Amino acid sequence: MNIIIFGPPGAGKGTQSDFIVKKYNLLQVSTGKILRDEIKNKTNLGQKISSLMSAGSLVEDKIVNKLIEEIVSNRNNENRFIFDGYPRNLDQASNLDNLLKKYEQKINIVLKLSVSLNTIKTRISERRYVEKRPDDNEEVAIRRYETYEKSTEPVIEYYKKLNLLKVINGERPIDQINKEISGIIDTLQAWL
């Protein structure tokens, strides 16, 4: 099965993706991690990505789409993806649909973690000290939250119209969110 998980930066997508990956043996496709790996490897592309992320901007679709195709095209991982942070806009959603169709796959469910800006600010502040990520500061977090909300809303509506969307209250404790997600995926698996 292929899953998409949505939520603003700091909503817990990575935590929930890790849980889903372990429980259901899926491959996490985290655009944030893919982009940070490019930066860490100090590639030319990584330097460009670093300046965009540090300014609170989203990385261009062309760059992200190319990195996603490299992963989706690997037949060893077919129908085992959880997309974390992608697609962020309708162009990326269309690109993902086309890529999956090209490689004879599809999205089975879309999960949206619903979290307030105040919760995001608190989590980003805590995460900054633990993970030491350069893009984790309140000003950048607010810009990224607002950009995320504005650009992602049409994508959420797109998947809602396809009857793939499940909204989850991301304000609750992690184990409660895990339990709700498990219930949704287990029900889906029973139908597949």
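Quick caveat: nothing in here was measured; it's all calculated off a predicted structure.
No side-chain donor from either of Asn89 and Tyr158 sits under 3.5 Å from a side-chain acceptor of the other. Between the side chains of Asn95 and Asp61, no donor-acceptor pair is found at a separation under 3.5 Å. With 3.5 Å as the limit, one finds no donor-acceptor pair spanning the side chains of Asn74 and Tyr103.
Checked by atom type and distance alone, the side chain of Ser50 never pairs as donor or acceptor with a backbone atom of Gly46 at under 3.5 Å. Side chain of Lys13 to backbone of Asp84: no donor-acceptor contact under 3.5 angstrom is found. A donor-acceptor pair under 3.5 Å is formed between the side chain of Asn2 and the backbone N or O of Lys106. At distances below 3.5 Å, at least one donor-acceptor pair connects side-chain atoms of Ser73 with backbone N or O atoms of Glu70. With Ser94 contributing its side chain and Leu90 its backbone, the two residues share no donor-acceptor pair below 3.5 Å. No donor-acceptor pair closer than 3.5 Å links the side chain of Arg144 to the backbone N or O of Pro8. Under the 3.5 Å distance criterion, the side-chain polar atoms of Glu171 are matched with a main-chain donor or acceptor of Ser116.
Phe6 has its side chain within reach of Val155: a pair of non-hydrogen atoms, C-beta onward, lies under 4.5 Å apart. Using a 4.5 Å cut-off on side-chain heavy atoms (C-beta onward), Thr31 and Phe83 make no contact. By the 4.5 Å heavy-atom criterion applied to side chains, Ile142 and Tyr145 are not counted as neighbours. Contact of the Thr187 side chain with the Trp191 side chain is registered, since non-hydrogen atoms from C-beta on lie closer than 4.5 Å. Ile168 is not listed as a side-chain neighbour of Lys112, based on a closest heavy-atom distance of 4.5 Å or more.
Remark: Lys23 NZ is packed, more than 12 non-hydrogen atoms of other residues, nucleotides or ligands lying under 6.0 Å away. The 12-atom threshold is exceeded at CG of Asp175, counting heavy atoms of other residues, nucleotides or ligands nearer than 6.0 Å. Residue Ile174 qualifies as open at atom CD1: its count of foreign heavy atoms under 6.0 Å is 12 or below. The number of heavy atoms from other shown groups lying within 6.0 Å of NZ (Lys33) does not exceed 12.
To the nearest 0.5 Å, atom CE of residue Met1 and atom CG of residue Leu188 are 5.0 Å apart. Interatomic distance, CG of Asp186 versus CD1 of Ile181, reported as 11.5 Å (0.5 Å rounding). From Asp91, atom CG reaches atom CD of Glu60 across 13.0 Å, with rounding to the nearest 0.5 Å. To the nearest 0.5 Å, atoms CD1 (Ile68) and CG (Leu96) are separated by 7.5 Å. Atoms OG1 and CG, from Thr122 and Leu117 in turn, are 9.5 Å apart once rounded to the nearest 0.5 Å. Note that CD1 of Ile109 and CG of Asn163 are 10.0 Å apart. Values are rounded to the nearest 0.5 Å.
A salt bridge links Glu139 with Arg143: the closest approach of a Lys/Arg side-chain nitrogen to an acidic carboxylate oxygen falls below 4.0 angstrom. In summary, Glu78 and Arg75 engage in a salt bridge, as defined by a charged side-chain N under 4.0 Å from a carboxylate O.
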For Ile63 and Lys48, what are the C-alpha separation, side-chain angles and deciding distance, and is it a side-chain contact (heavy atoms from CB on, under 4.5 Å)?
-> CA-CA 10 Å; Ile63 293 170; Lys48 182 175 183 178; 4.2 Å; yes

Output, in order, the C-alpha distance, side-chain angles, deciding distance and verdict of side-chain contact (heavy atoms from CB on, under 4.5 Å) for Ile39 and Met53.
-> CA-CA 10 Å; Ile39 294 168; Met53 287 176 73; 3.9 Å; yes

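When all heavy atoms are compared, the tightest approach of Ala93 to Pro87 is N-CB, 3.3 Å. Contact detail for Ile177 and Arg172: the closest heavy-atom pair is CD1-O, 3.3 Å. Taking every heavy atom of both residues into account, Ala11 and Val115 meet most closely at CB-CG2, 3.8 Å. Nearest approach of Leu99 to Glu69, heavy atoms of both residues: CD2-CD, 3.3 Å. In this structure, Val59 and Ile49 approach most closely via the heavy-atom pair CG2-CG2, 3.9 Å.
Residue Phe81 is tested with Ile71, Ile4, Ile3 for a side chain to side chain contact (heavy atoms under 4.5 Å, CB included); the sole match is Ile71.
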